[in-house]
Q: 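Pasting in a structure now, in structure tokens, and then I'll have a few things to ask.
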Amino acid sequence: MEEEEVEAEEEQQFSHRQPLKDSISPQRLKAAVHYTVGCLCEEVALDKQVQFSKQTIAAISEVTFRQCEHFAKDLEMFARHAKRSTVTTEDVKLLARRSNSLLKYITEKNEEIAQLNLERKAKKKRKPEDENRNSREPDAEVVSSES
């Protein structure tokens, strides 16, 4: 089988996957996007003193949902191209490469999360060390009082 045929077959498998038991149905996800777009439009309407018709909100919601579908497929393809089954932040950065402000935001958030993870790991390392010291200290007192 040629590589192009394999890729086409894999893409078809991705598009026809059965949703996981606990995953959100596409209808609920679409409704959530519509609700969020409506809330954002309300905020903009208040801030900029403009009005959005229901049709405009629906159109923005539909475009947003479709764009997210494209993003999801692109992210899957980036990961697959790298012979991985997991999408990484590098894949997301690659997806956002055409928008400098979005790429900068994602990079900053990624660095913040990495820093928080390092701090958590350091705390976890210190905790067992502190417990070991505390458990040793009473023994040391017992030894010194016996001498």
Side-chain angles (χ1 to χ4, degrees), residues 1-140:
M1 213 182 249
E2 285 187 30
E3 189 175 325
E4 292 168 351
E5 291 174 356
V6 171
E7 285 180 14
E9 189 176 303
E10 286 176 346
E11 190 172 328
Q12 190 176 19
Q13 286 175 338
F14 263 111
S15 63
H16 295 299
R17 269 194 190 156
Q18 293 296 319
L20 296 174
K21 202 175 189 182
D22 297 333
S23 66
I24 300 171
S25 71
Q27 293 82 6
R28 286 188 64 192
L29 191 55
K30 210 169 198 176
V33 169
H34 184 79
Y35 174 78
T36 303
V37 167
C39 291
L40 290 170
C41 286
E42 255 181 51
E43 284 181 35
V44 171
L46 291 171
D47 187 46
K48 303 292 182 188
Q49 298 169 348
V50 294
Q51 294 294 316
F52 290 91
S53 69
K54 288 182 180 182
Q55 294 85 357
T56 301
I57 294 170
I60 294 170
S61 298
E62 185 62 29
V63 168
T64 302
F65 190 80
R66 286 185 186 173
Q67 188 63 48
C68 288
E69 286 180 322
H70 291 295
F71 286 165
K73 286 178 184 174
D74 286 348
L75 290 170
E76 286 178 338
M77 293 299 150
F78 293 161
R80 183 179 297 141
H81 179 76
K83 296 182 178 25
R84 289 184 275 104
S85 58
T86 304
V87 172
T88 66
T89 50
E90 293 307 310
D91 297 323
V92 177
K93 288 178 187 178
L94 182 61
L95 183 71
R97 71 192 179 282
R98 290 192 183 108
S99 171
N100 291 332
S101 58
L102 181 59
L103 181 58
K104 181 181 175 190
Y105 179 81
I106 289 169
T107 302
E108 288 171 359
K109 286 295 176 189
N110 186 44
E111 288 169 2
E112 283 176 31
I113 291 168
Q115 185 62 37
L116 285 172
N117 287 339
L118 284 175
E119 290 170 8
R120 286 186 189 138
K121 280 185 180 179
K123 282 182 184 178
K124 283 183 180 179
K125 271 188 177 177
R126 275 186 253 138
K127 203 173 191 178
E129 288 174 6
D130 291 343
E131 288 171 4
N132 287 341
R133 284 185 195 143
N134 291 341
S135 66
R136 287 182 193 156
E137 288 172 8
D139 293 340

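Owing to the predicted nature of the structure, the values given are computational and were not obtained by experimental measurement.
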Q: Please name the pair of heavy atoms, one in Ser61 and one in His34, separated by the smallest distance, quoted to 0.1 Å.
A: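 Here Ser61 and His34 meet closest at OG-ND1, 3.1 Å.
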Q: Please round to the nearest 0.5 Å and tell me the distance separating atom CG of Asp91 and atom CE of Met77.
A: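 Separation between the atoms: 12.0 Å.
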Q: May I have the step-by-step check of salt bridge (charged side-chain N to carboxylate O under 4.0 Å, His left out) for Arg66 and Glu69, ending in yes or no?
A: CA-CA 5 Å; Arg66 286 185 186 173; Glu69 286 180 322; 5.8 Å; no
Q: Less than 4.5 Å apart, any side-chain heavy atom of Phe65 and any of Leu29?
A: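 Contact flag for Phe65/Leu29 side chains = yes.
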Q: State the CG-CG distance between Asp74 and Leu95, to the nearest 0.5 angstrom.
A: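 Output value for this atom pair is 6.0 Å.
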Q: Can you give me the closest heavy-atom contact between Leu103 and Ala96, atom names plus distance?
A: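 Minimum heavy-atom separation between Leu103 and Ala96: CB-O, 3.8 Å.
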Q: Could you give the distance from OH (Tyr105) to CG (Asn110), rounded to the nearest 0.5 Å?
A: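 Answer for the OH-CG pair, Tyr105 versus Asn110, is 12.0 Å.
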Q: Surrounding CD of Gln49 (heavy atoms of other residues, nucleotides or ligands, distance under 6.0 Å), is the total greater than 12?
A: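 At most 12 heavy atoms, drawn from other residues, nucleotides or ligands, come within 6.0 Å of this atom.
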Q: Decide yes or no on salt bridge (charged side-chain N to carboxylate O under 4.0 Å, His left out) for Lys73 and Glu76, but give the supporting numbers first.
A: CA-CA 5 Å; Lys73 286 178 184 174; Glu76 286 178 338; over 6 Å; no
Q: Which distance, rounded to the nearest 0.5 Å, do you find between the CG of Asn117 and the CD of Glu119?
A: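 The distance works out to 9.5 Å.
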Q: Between Val87 and Leu75, what is the shortest heavy-atom contact and its length?
A: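 For Val87 and Leu75, the tightest heavy-atom pair comes out as CG2-O, 3.7 Å.
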Q: Kindly compute the distance separating CG (Leu46) from SG (Cys41), expressed to the nearest 0.5 Å.
A: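 The CG atom of Leu46 sits 11.5 Å away from the SG atom of Cys41.
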Q: Distance-only, no hydrogens or angles: does the Arg97 side chain make a donor-acceptor pair with backbone N or O of Leu94 under 3.5 Å?
A: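 It does hold such a pair.
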Q: In Å and rounded to the nearest 0.5 Å, what is the NZ to NZ distance from Lys109 to Lys104?
A: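 Spacing of NZ (Lys109) from NZ (Lys104) equals 12.5 Å.
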